[in-house]
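I have placed the structure first, in the form of structure tokens, so that the comments after it can refer back to it.
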There are 2 protein chains.
Amino acid sequence: MAQSEHRLPVELFLDLDRSGPVPLYYQIASRLEQAILDQTLPAGARLENEVALAARLGLSRPTIRRAIQDLVDKGLLVRRRGIGTQVVHGKVTRNVELTSLYEDLERSGQKPETQVLSVEVVPADEAAVEALGVDPGSRVLHVQRLRSADGVPLAILDNVLPEQFTDLDREALEKHGLYQLLRARGVTMRVAKQRIGARAASAREADLLDLSRGAPVLTMVRTAFDNSGVAVEFGQHCYRPDRYSFEVTLVDR
Amino acid sequence: MAQSEHRLPVELFLDLDRSGPVPLYYQIASRLEQAILDQTLPAGARLENEVALAARLGLSRPTIRRAIQDLVDKGLLVRRRGIGTQVVHGKVTRNVELTSLYEDLERSGQKPETQVLSVEVVPADEAAVEALGVDPGSRVLHVQRLRSADGVPLAILDNVLPEQFTDLDREALEKHGLYQLLRARGVTMRVAKQRIGARAASAREADLLDLSRGAPVLTMVRTAFDNSGVAVEFGQHCYRPDRYSFEVTLVDR
DNA sequence: TAGTGGTCTAGACCACACA
DNA sequence: GTGTGGTCTAGACCACTAT
């Protein structure tokens with residue numbers, strides 16, 4: 001019964017750690033998410049109401065509410081006033097997150113490889129000034145890389161970084177993802193603004209990606225900001241569309 | 001000074017409506033957002049701390065916190081524990097939201113037009129069963145439309161809807177956006193899961209979109225769910241990439 | 001040490017949906 | 001009416017950052 005009341009076994013929430021560093025709402029949300037993923041909570045199932053759930057778990061209502069809201073934002077649950085909370089139908093899809101292509105590939109079990117096409121320190125051009133908010137003519141690092149997975153070329157990555165990163169060298173860029181290198185320097189990515197489009201591959205792009213000339217490529221331009229709100233990376237990427245696409249979940253708030 | 005403490009004029013928050021239906025946190029968030037957009041709060045500006053702000057406005061801290069969090073989720077603000085809250089550098093970009101192409105075009109001042117290529121009731125095929133979760137062989141509505149803006153063809157929209165919408169007719173689909181029609185029937189879209197990619201246009205697509213054969217098209221396949229978590233629409237769209245692209249803001253939570 | 005955001009509590013009242 | 005989620009209050013303690 002899709003509409004039936006659903007009473008979660010208390011066992012799911014028994015071993016909550018109230019002293020550790022992991023927030024209670026996060027522990028709750030994780031257990032709920034797992035229950036949805038493994039169909040313990042099937043599609044359409046109705047959750048126990050917030051007040052009762054809070055009481056049963058010995059938590060305050062705002063805490064259980066925060067946990068539920070996180071799953072609503074992920075597109076796993078829907079709420080209706082006067083009705084209740086239900087599990088969304090439809091398969092769960094892993095989402096585009098604030099990670100690099102390198103990490104995406106690693107997580108999905110593929111082996112990412114990077115060939116550095118060029119790396120040089122240049123004066124910021126107009127586009128870099130606009131995107132990064134650096135001073136005109138200041139020195140920036142310009143990197144071009146070819147990313148492959150399991151030996152197949154996947155994407156051409158063109159990135160510009162502000163002056164503080166001009167000492168990144170070819171060897172480091174061959175061995176690690178760009179975001180890994182930034183994190184190792186204490187930079188935390190917080191916000192990224194992306195535009196996704198398509199166009200025909202140039203002769204050089206087609207050559208690098210092993211495509212025929214004029215073949216379609218998927219494009220993404222992105223500016224990423226760290227936790228102080230300052231731009232730390234501007235990227236113009238193009239992907240082989242038969243090997244890569246973007247997944248996005250939208251939630252009305 | 002980008003890092004300077006910023007004390008918002010009290011006037012910005014004077015006319016809060018405590019009796020109307022608009023939530024206080026929403027009123028606060030809107031005023032803050034406007035102040036960021038018109039540079040009253042310039043990039044890098046530091047907000048007054050939450051406790052003081054709440055006291056000054058005569059609100060509780062959770063309320064002001066909710067307002068700030070909404071803007072963090074929109075990518076306008078960044079928070080750091082022990083430091084404070086700052087305005088993100090970089091221009092604000094309007095985001096992909098849970099709206100239809102029709103409404104996107106209207107909002108940006110263009111005049112959307114729709115040509116219905118075909119509309120028919122058919123038994124659900126495998127893809128429809130998979131995407132919508134309907135019973136195999138049940139009747140679904142299959143619609144193909146060509147969407148233009150200011151007289152230029154922009155996208156081919158292929159949609160499948162479950163049985164309850166099989167009475168939608170050609171005339172209504174010519175005059176209104178699909179989401180408008182659904183809303184008029186009391187359907188509220190809550191969640192959409194999309195995949196964005198690229199490929200070469202087929203001969204028919206190239207013809208309809210006024211492109212040369214094999215030209216790149218931007219593609220999006222989407223399943224949308226209503227507020228009860230049930231799938232109400234499955235769409236496979238392709239766009240002229242020189243006229244359309246997707247904007248996405250990612251925020252680390 | 002002082003100041004910041006992050007988490008959590010224990011209530012309250014309201015708006016909306018359904019029988 | 002009864003039950004649900006939506007909003008709001010007035011505190012508390014903690015973890016982290018900078019000086």
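In what follows, every chain begins at residue 1, and chains take the letters A, B, ... in the order their sequences are listed.
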Using modelled atom types only, decide if a donor and an acceptor are shared between the side chain of [X] and the backbone of [Y] within a distance under 3.5 Å.
{"X": "Gln27(A)", "Y": "Asp17(A)", "value": "yes"}
{"X": "Gln180(B)", "Y": "Gly177(B)", "value": "yes"}
{"X": "Arg80(A)", "Y": "Thr85(A)", "value": "no"}
{"X": "His176(A)", "Y": "Leu181(A)", "value": "no"}

Pairs under 3.5 angstrom, nitrogen or oxygen only, protein versus nucleotides 15-19 of chain C, please.
unit_1  : atom_1 : unit_2   : atom_2 : d
dA15(C) : O4'    : Arg81(A) : NH1    : 3.1

Closest to the [X] side chain: [options]?
{"X": "Ser60(A)", "options": "dT9(D), dC8(C), dT4(C)", "answer": "dC8(C)"}
{"X": "Thr85(B)", "options": "dG5(D), dG5(C), dC8(C)", "answer": "dG5(C)"}
{"X": "Tyr25(A)", "options": "dG6(C), dC8(C), dC8(D)", "answer": "dC8(C)"}

How many Å lie between [atom1] on [X] and [atom2] on [N], as a whole number?
{"X": "Arg66(B)", "N": "dG5(C)", "atom1": "CZ", "atom2": "P", "answer": "18 Å"}
{"X": "Ile28(B)", "N": "dT7(D)", "atom1": "CD1", "atom2": "P", "answer": "14 Å"}
{"X": "Asp17(A)", "N": "dC8(C)", "atom1": "CG", "atom2": "P", "answer": "11 Å"}
{"X": "Arg65(A)", "N": "dC8(D)", "atom1": "CZ", "atom2": "P", "answer": "11 Å"}
{"X": "Leu24(A)", "N": "dT7(C)", "atom1": "CG", "atom2": "C1'", "answer": "8 Å"}
{"X": "Gln27(A)", "N": "dT7(C)", "atom1": "CD", "atom2": "C1'", "answer": "12 Å"}
{"X": "Asn227(A)", "N": "dT4(C)", "atom1": "CG", "atom2": "P", "answer": "18 Å"}
{"X": "Arg46(B)", "N": "dT17(D)", "atom1": "CZ", "atom2": "C1'", "answer": "11 Å"}

Set out, line by line, the N/O atom pairs under 3.5 Å between protein and nucleotides 11-13 of chain C.
unit_1  : atom_1 : unit_2   : atom_2 : d
dA12(C) : N6     : Arg61(A) : NH1    : 3.3

Practice task
Under the side chain to side chain donor-acceptor pair (under 3.5 Å) rule, what do Arg79(B) and Gln69(B) come out as? Steps first, then yes or no, please.
Solution key: CA-CA 9 Å; Arg79(B) 291 209 266 212; Gln69(B) 186 60 48; 2.4 Å; yes
- Query: With a 4.0 Å cut-off, would you call Asp158(B) and Arg145(B) a salt bridge?
  - Reply: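 Salt bridge flag = no for Arg145(B) with Asp158(B).
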(Q) What I want to find out is whether Arg65(B) reaches Asp70(B) closely enough, with some N-O distance under 4.0 Å, to be called a salt bridge. (A)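 Here Arg65(B) does not pair with Asp70(B) in a salt bridge, since their nearest N and O are not under 4.0 Å apart.
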query = Mapping Gly58(A) and Gln69(B) to their closest nucleotides on DNA chain C, which lands nearer the 5' end?
reply =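 Upstream on the strand: Gln69(B).
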Of Leu59(A) and Glu50(B), the one whose closest DNA chain C nucleotide lies more 5':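 Taking each residue's closest nucleotide, the earlier one in sequence belongs to Glu50(B).
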Worksheet item: Can you tell me how far the CZ atom of Phe165(B) sits from the CG atom of Leu141(B), to the nearest 0.5 Å?
Response: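 One finds 10.0 Å between CZ of Phe165(B) and CG of Leu141(B).
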Margin query: On the nucleotide dT7(D), are OP1 or OP2 found under 4.0 Å from the side-chain N or O atoms that Thr63(B) carries?
Written below: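 Checking dT7(D) against Thr63(B), no side-chain N or O comes under 4.0 Å of OP1 or OP2.
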Report task. Report yes if a side-chain nitrogen or oxygen of Asn49(A) is closer than 4.0 Å to either non-bridging phosphate oxygen (OP1 or OP2) of dG3(D); otherwise report no. Result ->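 Indeed not, no polar side-chain atom of Asn49(A) lies that close.
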**Request:** Answer yes or no for Arg190(A) and Phe225(A): cation-pi contact, defined as NZ/CZ to six-membered ring centre under 6.0 Å and angle to ring axis within 45°.
**Result:**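 The answer is no; the distance or angle limit is not met.
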- Query: What is the base-pairing partner of dC16(C), counting Watson-Crick and G-U wobble geometry with both distances under 3.5 Å?
  - Reply: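 The base-pairing partner of dC16(C), which may sit in any strand shown, is dG3(D).
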- Message: Within the 4.5 Å heavy-atom criterion, are Lys74(B) and Thr249(B) side-chain neighbours or not?
- Response: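 SC-SC contact between Lys74(B) and Thr249(B) ruled out.
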